[in-house]
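So you know, we letter chains A, B, ... as the sequences are listed, proteins then strands, and number each from 1. The basis for the numbers below is simple: all heavy atoms, side chains too, and nothing from hydrogens, waters or symmetry mates.
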Amino acid sequence: MTLKYAYFPGCVAQGACRELYMSTGALTSALGIELVELKKGSCCGSGTFKEDSQFLEDSVNARNIALAEELNLPLLTHCSTCQGVIGHVDERLKEAKENNPDYLAQVNGILQQEGCSPYRGTSEVKHLLWALVGDYGLEALREKVTRPLSGLKCAAFYGCYLLRTQEHLPFDDPYNPQSIENVFQAVGATPVYYRGRTQCCGWPLSSYATEQSFQLAGGHLEEAIAAGADCLVTPCPLCHLQLDSRQPEVANMTGKKLGLPVLHLPQLVALALGIAPKELGLEKHIVSTKPVLAKLGL
Amino acid sequence: MQVRFKIFRQTEGSPPRLQTYDLDVEPGTTILDCLNRIKWEQDGTLAFRKNCRNTICGSCSMRINGRSALACKENVGSELARLQRLHSSAAAQTTDALPTITIAPMGNMPVIKDLVVDMASFWEHLEAVDPYVSTGARQVPEREFLQSPEERDRLNQTGNCILCGACYSECNAREVNPDFVGPHALAKAYRMVADSRDATTTERLEKYGEGTQGVWGCTRCYYCNSVCPMEVAPLDQITKIKQELLERQDDQQSRAVRHRKVLVELVKEGGWIDERKFGLRVVSNHLRDLRGLVSLGPLGLRMLAKGKFPLSFEPSEAVEEVRSLIEAVQQLEAEAGRIEATKVQESPVPVGG
């Protein structure tokens, strides 16, 4: 059976991380996964809508989920933050359906008033990582590998929202997750463990508490390097912006030499499927990914 | 069953070492009872805090298998089940070794001995939010201080805090910002803001929104919500303080406030966020802050050089619908007040002390 998802691209993959959009497309088409892009979707608010109003976050994301429900498909995102925000809204509204129907009626009331489809609570909100591990399956993925990433030491960077916003996670323990490391092994790479892999990258503070924000990022990068990582791999484009795009500034501030390439999760998996680096936008990174490609003989 | 405990031992100022103790215990035994048995039967020098044994006093918080929790609340069976779930999914596993539980002291606070940490900064930070209901509005002896059951119910969730330190121990923001007062203090701060008897709400909000020692110092790592043994959900309380601040302050108040306002503004304009405008409006304050503008320069140039800078922006196909929805939500809440997602807990949970 073909796997099919309502694809929620999010803001960053359409903006400063277009290489993520490219690589998700390349990976899913190589695996025969069908994506129906939600062109009418909107920003999830990245945790900030809620600081304005919970009802705002819930209404906007109920609308996003309803777009997937209209297609009778699970919603798929390649962003830890989008997954955590929309998944948490889905969890809360499903619970409201049982225990607080008045609140759900208010959400659906405003959606109806605005001519949007109602939220029904019939979909699921999945990260690409979960689709790979849970739906496609690691065994099936292993069979698709044509270029095992042997000898490549990869350090996962999960992103807070994927691990700790929701009460129920399909596989991972929020303090000691394994799913990305399991993907590493499926594609022949070697997982590297370090404390920072479950921690905050510092992105939410970067616009106004830059020094603290960079200290967080710098600490994780240094630890991963000390643990012997050839690269970081993240399922979150906001973490990527912080850890890759701002890495030179982080290095300047901490005074430590960094230069650790940061890959998006689908880029790494797609490399193992034999997809060309150019199709994955690997040249669009601030920290050069050439050392990773060299290690793979590319 | 035979269980192995690996415990971090440390004396002040010296590096930690791991010590191993094996115990024969029932799965239902709490971690605290295990520690007591180790201390009483094997090694009297092991130091840890304890008191009520019943999730009331908050003394025995420590890192159990990688996250801060109360030793009296967690038990051997559930800890091993958690580890088993982890190991069944990991490729590398050792099958013949004893099931092992690792215990370490809390983080973000210096170790005094073994599992006992110096909580001075934790208490000082609590004190910094002025965690007492003000008496300014009290008119004694004319009348007593009245509070309706509904008003009291708003304090139940935050009132459940037992000040165990688990949230503070895991707080990512506190790790890089020693001035950040932490999730426990800000949950208490919201408890004061929400208290109908307190007469200093305006002053409190001003204080809690200053710099990065208060709510804007939080990096939303969600650890506090995740580890709290009493379901106080400190991050949710921090969020409620932010809501009060955003309602009262405009985007010139600070860059942190502007960050929030601009994000909503941009979603109304494009459905998705145009990241180019985000930087310009937030950091350079609509080109008014030249130092801010200059600080964006190197990042922008690097991104341009790598072909990473987004030269175009494609709005959502339903941008009008999204804008109209956000405006409708804003209008409704402006007229009817904040629409709450969760019902207030109705029956107060008795708190010891």
salt_bridge([X], [Y]) N-O dist < 4.0 Å:
X	Y	value
B/R67	B/E74	yes
A/D90	A/K94	yes
B/R323	B/E320	no
B/K242	A/E51	yes

Can you tell me which portion of [X] sits under 4.5 Å from chain B's heavy atoms? Options are side chain, backbone, both or neither.
X	result
A/T198	both
A/A16	both
A/V107	neither
A/N252	neither
A/F171	neither
A/L241	side chain
A/C17	both
A/E19	side chain
A/E167	neither
A/E283	backbone
A/D58	side chain

Practice prompt. May I ask you to decide if A/I286's main-chain N or O and B/R302's side chain share a donor-acceptor pair within less than 3.5 Å?
Written response: no
Which atoms of [X] are under 4.5 Å from chain A, going by heavy atoms: the side chain, the backbone, both sets, or neither?
X	value
B/E175	side chain
B/V227	both
B/N225	neither
B/L332	side chain
B/S312	both
B/V264	both
B/T212	side chain

Flag the one option from [options] with the top tally of heavy-atom pairs under 4.5 Å to chain B.
options	value
A/T165, A/V60, A/L38	A/T165
A/R195, A/K50, A/R63	A/R63
A/E181, A/Q199, A/Q106	A/Q199
A/S59, A/G281, A/S245	A/S245
A/C160, A/P9, A/G219, A/S207	A/S207
A/G10, A/G41, A/P191, A/A209	A/G41

Worksheet item: Quick check, are the ring centers of A/Y194 and A/H220 under 6.0 angstrom apart?
Response: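 Ring-ring flag for A/Y194/A/H220: false, centres at least 6.0 Å apart.
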Item to complete: Establish, yes or no, whether a centroid distance under 6.0 Å links the rings of A/Y208 and A/W203.
Response: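 Centroid distance A/Y208-A/W203: not below 6.0 Å, so no.
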Worksheet item: Could you walk me through whether B/F278 and B/H259 pass the ring-ring contact (aromatic ring centres under 6.0 Å, His included) check?
Response: CA-CA 8 Å; B/F278 189 74; B/H259 178 117; 5.0 Å; yes
Chain A interface, residue from [options] that has the most non-hydrogen pairs under 4.5 Å:
options	result
B/R260, B/R255, B/Q330	B/R260
B/K308, B/R276, B/E333	B/K308
B/E170, B/E317, B/R220, B/E247	B/R220
B/A256, B/A173, B/P315	B/A256

Pair [X]-[Y], side-chain donor/acceptor within less than 3.5 Å:
X	Y	value
B/Q252	B/N285	yes
A/Y21	A/E37	yes
B/E335	B/Q331	yes
A/S213	A/Q242	yes

Worksheet item: So which heavy atom on A/T77 is nearest to which on A/C82, and how close?
Response: OG1-CB, 3.5 Å
Worksheet entry | Crowding at NZ, A/K40 (>12 non-hydrogen neighbours, <6.0 Å) |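 Check fails, neighbour count at 12 or below.
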Item to complete: With A/F8 as reference, evaluate A/N64, A/L67, A/I65 under the side-chain contact (heavy atoms from CB on, under 4.5 Å) test and give the passing residue.
Response: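 Exactly one option meets the side-chain contact (heavy atoms from CB on, under 4.5 Å) with A/F8, and it is A/N64.
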